[in-house]
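Here the structure is a predicted model, which means the values were calculated and not measured.
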Amino acid sequence: MDPDEFTNLEAGVKWDFSKRLSLTTSIFEIQQDVIDDDGLGGSITVDSEVTGFEAQLQGLITDRWFIIAGYSYLDGELADGNRPRELPENMFSVWNTYQLTEQFGLGLGLIYQDESFIAEDNDKRLPSYVCLDAVAYYFVSENIRLQLNIENLTDELYFPNSHANHQATVGAPINARFSVSGRF
């Protein structure tokens, strides 16, 4: 198969409110000619155009509170007028960490994704979803950190992507992961 072809036009701005907090934004247009799976064991060529806007706020709100928040707006159209598959109109995420003591910190994050179409025929949809995640971490020493991550705190049933009208991926249920990391 021939390689996918993309044309991307983008403009952005970064504004540093201070040495600790910045805002970045961009607008873009992507035109693409992609060879895609037709869901029936064959392939089709998909011509699409996606325009969008992204913004991200990142940095320290206080000496102990760090935030990363982002928003994306995506508008897309295929050659036949349908919306491209798996292209949500709105996506939002925010992640906060707060350092309670020199050694101990907590974090909380949220991810939102609008509904999107499963396939180019725009017949079936992946529903919108919200996932909530958390973290607790402790520095045993300057070089050793213990961390507990809990993902999907509300045990939301969600479908982050799909492969065809009859095959959607189920997102992970509530789960936890404990890790020990070290610097050498």
* So how far is it from Phe53 CZ to Asp75 CG, rounded to the nearest 0.5 Å? -> 14.5 Å
* Counterpart residues, side chain to side chain contact (heavy atoms under 4.5 Å, CB included), relative to Ile111 (two or more places apart) -> Ser93, Asp133
* Hydrophobic cluster mates of Ile68, side-chain heavy atoms under 4.5 angstrom, ILVMFWY only, any path? -> Leu60, Phe66
* **Minimum heavy-atom distance between Ser22 and Asp16, given as atom pair plus value** => CB-OD1, 3.0 Å
* **Minimal non-hydrogen separation, Met91 against Leu74, with atom names** => CE-CD1, 3.8 Å
* Asked: If you round to the nearest 0.5 Å, how far is OG of Ser72 from CD of Gln113?
  -> 10.0 Å
* Asked: Is there a path from Leu148 to Leu146 through hydrophobic residues (I, L, V, M, F, W, Y) whose side chains come within less than 4.5 Å of each other?
  -> yes
* Using atom types as modelled and distance alone, determine if a side-chain donor or acceptor of Asp80 lies under 3.5 Å from a backbone N or O of Asn82. => yes
* For side chain to side chain contact (heavy atoms under 4.5 Å, CB included), just list the numbers for Leu87 and Ser116, CA-CA rounded to whole Å, side-chain angles, deciding distance to a tenth of an Å, and then say yes or no. => CA-CA 5 Å; Leu87 185 71; Ser116 62; 5.6 Å; no
* Do Val94 and Ile67 have side-chain heavy atoms sitting under 4.5 Å apart? -> yes
* Cation over ring, Arg145 on Tyr137, under 6.0 Å and within 45°? -> yes
* Structure fact -> Checking Phe28, Tyr73, Tyr71 against Glu54 for side chain to side chain contact (heavy atoms under 4.5 Å, CB included), the one that qualifies is Phe28
* Run the numbers on Arg83 and Glu120 for side chain to side chain contact (heavy atoms under 4.5 Å, CB included), then give the verdict. => CA-CA 7 Å; Arg83 188 169 178 86; Glu120 281 78 10; over 6 Å; no
* Taking all non-hydrogen atoms of both residues, which atom of Leu153 and which atom of Ile174 are closest, and how far apart? -> O-CD1, 3.5 Å
* Asked: Phe139 and Glu102: which non-hydrogen atoms are nearest, and at how many Å?
  -> CD1-O, 4.3 Å
* **Heavy-atom check, side chain of Leu23 versus side chain of Thr25, under 4.5 Å** => yes
* Check whether Leu57 and Val13 end up in the same hydrophobic cluster, where Ile, Leu, Val, Met, Phe, Trp and Tyr are linked by side-chain heavy atoms less than 4.5 Å apart. => no
* Asked: Below 4.0 angstrom, N of the basic side chain to O of the carboxylate: do Asp121 and Arg85 qualify?
  -> no
* How far does CD of Gln167 sit from CZ of Phe159, to the nearest 0.5 angstrom? -> 13.0 Å
* To do: Quickly, which of Thr51, Thr7, Val50 forms a side chain to side chain contact (heavy atoms under 4.5 Å, CB included) with Glu29? Name it, please.
  => Thr51
* **Exercise: identify the closest heavy-atom pair between Thr62 and Tyr98** => OG1-CE1, 4.4 Å
* To do: Indicate whether the side chain of Gln32 and that of Ser48 have a donor and an acceptor atom separated by less than 3.5 Å.
  => yes
* **Beyond-backbone contact of Asp47 with Leu78, side-chain heavy atoms, under 4.5 angstrom** => no
* Side-chain contact, heavy-atom cut-off 4.5 Å: Phe184 with Asn143? -> no
* **Check: Gln31 and Glu49 side chains under 4.5 Å, non-hydrogen atoms** => yes
* Asked: To the nearest 0.5 Å, what is the distance between OG1 (Thr97) and CZ (Arg64)?
  -> 12.0 Å
* **Nearest-0.5 Å distance that lies between atom CG in Asp63 and atom CD in Gln99** => 11.5 Å
* Asked: Quick one: do Trp95 and Leu100 end up in the same hydrophobic cluster if we chain Ile, Leu, Val, Met, Phe, Trp and Tyr together by side-chain heavy atoms under 4.5 Å apart?
  -> no
* Asked: Where do Ser181 and Gln147 land on the side-chain hydrogen bond (donor to acceptor under 3.5 Å, both in side chains) test, with the steps shown first?
  -> CA-CA 8 Å; Ser181 59; Gln147 183 167 314; 5.9 Å; no
* To do: Any chance you could measure Tyr138, atom OH, to Ile144, atom CD1, to the nearest 0.5 Å?
  => 11.5 Å
* Asked: Does Asp114 use its side chain to pair, donor to acceptor, with the backbone of Pro88 at less than 3.5 Å?
  -> no
* Considering all heavy atoms of both residues, which atom of Val130 and which atom of Tyr112 are nearest to each other, and what is their separation? -> CG2-CD1, 3.6 Å
* Are Ile61 and Val135 connected, step by step, through hydrophobic side chains (Ile, Leu, Val, Met, Phe, Trp, Tyr) whose heavy atoms are closer than 4.5 Å? -> no
* Is there a chain of hydrophobic side chains (I, L, V, M, F, W, Y, each step under 4.5 Å between heavy atoms) that links Val170 to Tyr158? -> no
* Report yes if the side chains of Glu142 and Arg183 come closer than 4.5 Å at any heavy-atom pair, otherwise no. => yes
